[in-house]
A.B. asks: 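Quick one: the structure is below, and I'll ask about it shortly.
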Amino acid sequence: MSSIKIKKLTQDEILLLSEIGAKTFDETYSWGNPKADMEEYIAHHFSVEQLTKEYQHKASDFFLVYEKNSPCGYLKLNQNDAQTDTIFDDALEIERLYVLKAHQGKNLGKHLLQLAIKQGKLLGKSMLWLGVWIHNPKAIAFYEKQGFQKCGTHDFWFGGQNQTDYVMKLEL
Ligand SMILES: CC(C)(COP(=O)(O)OP(=O)(O)OC[C@H]1O[C@@H](n2cnc3c(N)ncnc32)[C@H](O)[C@@H]1OP(=O)(O)O)[C@@H](O)C(=O)NCCC(=O)NCCS
């Protein structure tokens, strides 16, 4: 039996999400960004208060991935007005897909992505899309391997300035 399980986040797990969210964001981006910008972004976007608001948005869903009952990463999906950009009609956005560094390369990311595809189909969406920082080649290669294609760019506000994300899409 697989030791990997995915469960929908419950309200009493928001503090856990806040910890995993802050840690994975720091592990992914601290090498290329000023410490003060990282701290400010994390304090705002991964606070329990902010995540509670996002959790309560009816068009967003959070999932935690577990390996041997230990939470190791998460997925955030958005539809309708929860999407960070309105690029496609009738689409589902992967806003966040993060696995703790110590648990990467063990298929956890792939399981989360497969769940996103399943949810998109269940919801009758025609497209799955995401934005990924142009300086994150590891994630870009991961998404390409799973069938996503680059189809443009959009801005991502970080540290008081715009950074560029590739927009990637997968037809469902
Ligand atoms: C990108 C990320 C989600 C991938 O998750 P992961 O659990 O490490 O990847 P998996 O073990 O599930 O790999 C799945 C497949 O992708 C491939 N893959 C993973 N990383 C890869 C890379 N850097 N280059 C090429 N292929 C890669 C694996 O070989 C595997 O291939 P398979 O389908 O043939 O088995 C994870 O590394 C991560 O959380 N990174 C930091 C956060 C991040 O950048 N998130 C994306 C923000 S948009």
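Every heavy atom of this structure was used, including side-chain atoms; hydrogens, water molecules and symmetry mates were not. Indexing begins at 1, ligand by ligand and atom by atom, following the structure's order. Residue numbers start at 1 and run along the sequence shown.
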A.B. asks: Would you please determine whether Leu130 falls within less than 4.0 Å of ligand 1 on a heavy-atom basis?
C.D. replies: no
A.B. asks: Can you find a non-hydrogen atom of Glu27 under 4.0 Å from ligand 1?
C.D. replies: no
A.B. asks: For Thr28, is at least one N or O under 3.5 Å away from an N or O on ligand 1?
C.D. replies: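 No.
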A.B. asks: Test your reading of the structure: does Tyr98 have an N or O sitting under 3.5 Å from an N or O of ligand 1?
C.D. replies: no
A.B. asks: Tell me whether Lys35 is salt-bridged to Glu39, with the criterion being a basic N under 4.0 Å from an acidic carboxylate O.
C.D. replies: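 Looking at Glu39 together with Lys35, the answer is yes, because their closest N to O distance falls below 4.0 Å.
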A.B. asks: With heavy atoms under 4.0 Å as the rule, classify the contact between Asn136 and ligand 1 as side chain, backbone, both or neither.
C.D. replies: side chain
A.B. asks: Quick test of your reading of the model: are Lys76 and Glu95 salt-bridged, counting only N-O distances below 4.0 Å?
C.D. replies: yes
A.B. asks: May I ask you to identify, for Lys101, whether its side chain, its backbone, both or neither come under 4.0 Å of ligand 1 on a heavy-atom basis?
C.D. replies: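 Under 4.0 Å from ligand 1, Lys101 contributes no heavy atoms.
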A.B. asks: If you measure every N/O of Gly109 against every N/O of ligand 1, is any gap under 3.5 Å?
C.D. replies: yes
A.B. asks: Could you state the interatomic distance from CG (Asn33) to OH (Tyr41), rounded to the nearest 0.5 Å?
C.D. replies: 11.0 Å
A.B. asks: Between Tyr74 and Phe63, is the ring centroid distance below 6.0 Å?
C.D. replies: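 Distance test on ring centres: not under 6.0 Å, no.
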A.B. asks: Do any heavy atoms of Thr24 fall under 4.0 Å from ligand 1?
C.D. replies: no
A.B. asks: Hey, which atoms in ligand 1 end up nearer than 4.0 Å to a heavy atom of Tyr143?
C.D. replies: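 So the atoms of ligand 1 that pass are 46 (C), 48 (S).
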A.B. asks: How does Phe156 reach ligand 1, by side chain, by backbone, by both or by neither, if only non-hydrogen atoms under 4.0 Å count?
C.D. replies: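 The answer is neither; Phe156 stays 4.0 Å or more away.
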A.B. asks: Short N/O distance, under 3.5 Å, between Lys145 and ligand 1?
C.D. replies: yes
A.B. asks: For ligand 1, find out whether one of its N or O atoms is nearer than 3.5 Å to an N or O atom of Phe142.
C.D. replies: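 No, there is no polar N/O contact under 3.5 Å.
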A.B. asks: Determine, for Tyr66 and Lys5, whether the Lys NZ or Arg CZ falls below 6.0 Å from the six-membered ring centre while staying within 45 degrees of the axis.
C.D. replies: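 The answer is no; the distance or angle limit is not met.
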A.B. asks: Touching ligand 1 at all, Tyr29? Heavy atoms, strictly under 4.0 Å?
C.D. replies: yes
